[in-house]
There are 2 protein chains.
Amino acid sequence: MVEKLKVEEGVETSAPLFTDEIEVRTLADLARLAGVSAGTVSRALAGKSLVNVETRERIQALARKHGFRPNQMASKLRSRRTGVIGVVIPLGHDRRQHISDPFFLTLLGALADHLTESGYDLMLSRAIPDETSDWLERMTGSGMTDGVIVIGQSDQFEVIEKVAAQYRPMVVWGHHRPGQTHCVVGTDNFLGGKLATERLIRTGARRLAFLGATGGIEIAKRFEGTVAAAKTAGLTVTHLPVHMADEQVGHEVAAALGNGSGTDFDGIVAGSDLIAMSALRVLYENGQRIPEEVQVIGFDDLPIAAQTFPPLSTVRQEIQDGARIMVEKLKARIAGQSTESAVMPPSLVLRASTR
Amino acid sequence: MVEKLKVEEGVETSAPLFTDEIEVRTLADLARLAGVSAGTVSRALAGKSLVNVETRERIQALARKHGFRPNQMASKLRSRRTGVIGVVIPLGHDRRQHISDPFFLTLLGALADHLTESGYDLMLSRAIPDETSDWLERMTGSGMTDGVIVIGQSDQFEVIEKVAAQYRPMVVWGHHRPGQTHCVVGTDNFLGGKLATERLIRTGARRLAFLGATGGIEIAKRFEGTVAAAKTAGLTVTHLPVHMADEQVGHEVAAALGNGSGTDFDGIVAGSDLIAMSALRVLYENGQRIPEEVQVIGFDDLPIAAQTFPPLSTVRQEIQDGARIMVEKLKARIAGQSTESAVMPPSLVLRASTR
DNA sequence: ATGAAAGCGCTAACAA
DNA sequence: TTGTTAGCGCTTTCAT
C-alpha cells in the first residue's frame, strides 16, 4: 500500500467568467445566437460546401467563441457512423495475463498511431472469455464501433470464426489456418521457430531447449517449428513451459534452467523476447558464457531486445507493418471490400546472444 | 517493406441460415415479436427489477436467439451516460515520441485493467498538441466520454489547467505544482532523483552524470533532484541529454558516455529504466564493471528492470497503485465529489547495478 | 443557400 | 407490472 501525500487544491472557479454569458450546448442554441436554423449550423460546422462561405465562418467563429462542439453521440446515432474502431484483447488461455503483456502493448501502440492517422478513435476492451462466449459480439453487435480489431486469438479461434461469418469489418492478429473465414494478419510462427532453431544448430548447438508455455496457438506453433528443425537434424528438444504472463518469469526460468546445476543446454529458443531476457540473466548468474557456452534466441524483436546484454538475437515480427496492414485491411472491409489474410514472414535478427 | 504471402480465404456465408428469419435490429422489432412494448423490452434487457420475472426471461431468451443487442449510441445519447473514459496521451515536447513509450504503455495497461473492472470502456487518443491547443477539449467537450484521464502533462500544463477550470471529471498523471487546479496523481520526481543520487554518493560515487533529456517536466524534476543531492554533497552533475523516444537510444547513450573513452563517470542516474538499460549495455561493452567501477540507477521500475543484467537498481514508481488511484479519483469526480491530488513517494529498489 | 420536419434507437417519466 | 409519450442532439431529405 502506498502512502498518499495529501495536497491542497487551488480554488476552482465553477462560475462562468461572465454571468450574462448564455450557455450554448446544442446546435439549436448556437443557431438561435446566429439567427439561423440548426440545419445550417450543422452544415457550417461540418464544413459543407453548400453553405454560404460568410455565414459559415461567422458560425464557426461563434462556435469557437463559446467553446461549442457538437455532441458526438447524437451525431453518431444519426449518421450511423461512429468513427471508432474497437480493439479487443481476448485473455482466454491465461487469465493471469493482463493487458500489460509487452508485445500486445507494443502492437496496441502501433495500432493507435495508425488508427489516429486514419481519423479513427480507438476503443480498448480487455475481454475475458467465459462460458457465454459473447465477449466478441459485445463489441461487434453494439453499434458502438465501425469495425473491430482482435489482438491474438487466445483459445477462441472458433468463437472468432462464428462471428466472422456474419460480421465483416473485423481483422484479427494471430495464426492462419487454411480455409478459415476470419481475416487474419500475423507472423508465420512455425517458420520463425524453425529459422531460429536451424540457426542455432548451424552454429553448433546440440542440446536444445524451448522455453515457453504453449497454451496460446502462436507459441505452440513456434515450438512446433523448433521441434521440426531439430528432427531434421536428428535432435530432440526439451520443452520447458514457462508462463510469460506474470512477474515470476525470472523464477520460473531459473527453475526451468536448473538453477545453476550445470550446462544442461547449449541452445535455447525462447517463446518471446521477455522470456529470453530472463534466460540471459539466469544463465549469466549461473556463470555460463553467452554465446560461447549457451546460445539464446528470442521472439518478437521488441525495442528492448537491442538493449539487453548481450544484445539479443531474435526472430523479428514486423509489428509496425503488421499494425499498418491491419488498419488498411480493416478500412477496406469497412468500405465493403473483401480482403485476404496476410501471413508475414519472420526474419532473423542476429545480435550477440548467438554465434 | 514486408512481403505478404497471399492466402486464399474460405467461403463466406453472408446469407442468414434461415431465410424466413426476420431481422430484429431494434427494440421495437423485438417488442413486436414478444408482443410487448418497446419500453418493456428495454427494461427487461436492462435487468430492471420492476419487470415481471417471467416476461423478462422470455424477452432475454428471444434477444439471445436473435443475437440482438441494443444500440449503444442511442442508449448513450438518451441516458446521457456513455460508460466510456477517454485516455489521452499528449505528445507535446517530443513529436517523435509515439504512444509506444513503454512507461505510458504500462500505465495504460494498468488503467485498462482497472477501468474494465469498474465497468468502463476506454477510449484511447493520441493527441498531438498544435497551435490551436484544442486537443484536450476535443475529448472533454464532445459528449463522448464520462470522464478523461490524461497521461503525462508534456509541455501542456497551462492548457490542462484551463480546461480543468470548467471540466471536472478529469484526472492527470504527472507533476504537481502547489495551488494547481487540475487533479493530478504522480510520483515525487524531485525526491526520486534525490534519493537515487544520495544513494550513489553514499556508496562512493563522485563523478556523477544524469542521462536523459529534460524536455518534459517530469524528467526535468528528476534532474533537479539529482543536482540538489549532488550540491549538498559538494559535487556537480554532468547532464547528458538523451532522448528516450526513439530507437536510437543506444547510439545516443554510447555517444554520451564517450564511446569507450575511459571511465568518465562512476555514478549514473538515468531518466528512465530504458535509458538505464542502454547505459548498462554500453558500459559493459566498454569493459567497465558494474557496479564496481560505475554504478547505474534507473527510474520507473518497469517489469523489465528485474530482468536486465545485472538486475537494475531503480527508483520505483507505483504504476499499479497509481492507475488504481486515478480510476478511483475519476469515479469520485464523475459522481460530483471533489478530490485532492496525490503525490506518491518513490522508493528505491536496490538490485545489482549499484553497490 | 437556408429552413422545416422527420427521424436515428433508445430510456424514463407519467399513466393506466 | 406494462404501455404511452416525449424527447436525447444531431443530420438530412425535401421544400422554398
Side-chain angles (χ1 to χ4, degrees), chain A residues 22-60 62-63 66-84 121 137-138 140-146, chain B residues 22-60 62-63 66-84 121 137-138 140-146:
Chain A
I22 5 78
E23 212 197 4
V24 33
R25 299 188 323 101
T26 71
L27 278 190
D29 292 346
L30 196 62
R32 213 170 302 120
L33 231 67
V36 293
S37 78
T40 303
V41 175
S42 173
R43 288 181 277 245
L45 259 33
K48 292 265 166 97
S49 52
L50 13 54
V51 71
N52 186 315
V53 80
E54 179 223 312
T55 27
R56 177 172 61 208
E57 278 169 7
R58 192 164 51 88
I59 290 172
Q60 287 179 340
L62 214 51
H66 290 271
F68 169 76
R69 33 193 85 240
N71 181 305
Q72 295 297 328
M73 248 67 232
S75 162
K76 286 167 178 180
L77 173 59
R78 178 60 230 237
S79 62
R80 312 173 126 290
R81 184 191 176 281
T82 70
V84 176
D121 285 310
E137 281 158 302
R138 272 193 48 222
T140 59
S142 66
M144 243 175 352
T145 57
D146 291 343
Chain B
I22 5 81
E23 216 199 358
V24 31
R25 300 188 329 98
T26 71
L27 279 190
D29 291 346
L30 197 63
R32 211 170 304 119
L33 232 67
V36 294
S37 77
T40 304
V41 175
S42 172
R43 289 180 279 243
L45 259 33
K48 292 265 166 98
S49 51
L50 10 57
V51 70
N52 186 316
V53 79
E54 179 222 312
T55 26
R56 178 172 61 208
E57 278 169 8
R58 192 164 51 87
I59 290 172
Q60 287 179 342
L62 215 50
H66 291 269
F68 170 76
R69 31 194 85 238
N71 180 305
Q72 295 296 328
M73 248 66 231
S75 161
K76 288 168 179 180
L77 173 59
R78 176 60 230 237
S79 61
R80 312 174 123 293
R81 182 189 178 282
T82 70
V84 177
D121 284 310
E137 281 158 303
R138 273 194 47 225
T140 59
S142 65
M144 244 176 347
T145 57
D146 291 344

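Hydrogens, waters and symmetry mates play no part in the numbers below; they use all other heavy atoms, side chains included. Quick caveat, the model's predicted, so the values are computed rather than measured. Residue numbers begin at 1 in each chain, while the letters A, B, ... track the order of the sequences.
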- Among C:dC10, D:dG9, C:dG3, the one nearest any side-chain atom of A:Ser37 is C:dG3

Cut-off 3.5 Å, no hydrogens considered: what does the side-chain donor-acceptor table look like for residues 69-79 of chain B, sequence neighbours left out?
unit_1  : atom_1 : unit_2  : atom_2 : d
B:Asn71 : OD1    : B:Met73 : N      : 2.7
B:Asn71 : OD1    : B:Ala74 : N      : 3.0
B:Lys76 : NZ     : B:Thr82 : O      : 3.2
B:Ser79 : OG     : B:Ser75 : O      : 2.7

- Note on the structure: Result for 5'-nearest mapping on DNA chain D, choosing between B:Gly35 and A:Ala28, is B:Gly35

- Atom-to-atom span, CD of B:Gln72 to P of C:dC8 - whole angstrom: 18 Å

- Task: Round to a whole Å and report the spacing from CG of B:Leu77 to P of D:dG7.
- Result: 14 Å

- Note on the structure: B/S/- along nucleotides 11-16 of chain D (protein heavy atoms under 4.0 Å) is BBB---

- Message: Using heavy-atom distances to pick each residue's nearest nucleotide on DNA chain D, tell me which of A:Asn71 and B:Val36 is more 5'.
- Response: B:Val36

- Message: Just so I know, are the side chains of B:His66 and B:Leu33 near enough to count as touching, which here means a heavy-atom distance under 4.5 Å?
- Response: yes

- Let me know the distance between CZ of B:Arg58 and P of D:dT1, rounded to the nearest Å. 15 Å

- Verify the contact: side-chain N or O of A:Thr26 to OP1 or OP2 of D:dG9, cut-off strictly under 4.0 Å; return yes or no. no

- Return the value, rounded to whole Å, for the distance between atom CE of B:Met73 and atom P of D:dG7. 23 Å

- Can you check whether A:Phe68 reaches A:Leu62 side chain to side chain, under 4.5 Å on heavy atoms? no

- Do the non-hydrogen side-chain atoms of A:Val84 and A:Met144 ever get within less than 4.5 Å of each other? no

- Message: Taking atom CZ as the centre, does A:Arg138 end up with more than 12 heavy-atom neighbours from other residues, nucleotides or ligands that are less than 6.0 angstrom away?
- Response: no

- Message: Check whether B:Arg58 reaches the backbone of B:Ala34 with its side chain - one donor and one acceptor, N or O, closer than 3.5 Å.
- Response: yes

- Note on the structure: Whole-Å distance, A:Asn52 CG to C:dA1 P, equals 7 Å

- Tell me: CD of B:Glu57 to P of D:dT1, nearest whole Å? 14 Å

- Flag, side chain of B:Asp146 to backbone of B:Gly83, donor-acceptor distance under 3.5 Å: yes

- Message: Without decimals, in angstroms, what is the distance between A:Asp29 CG and D:dC8 P?
- Response: 11 Å

- Between C:dG7 atom C1' and B:Arg25 atom CZ, what is the distance in whole Å? 14 Å

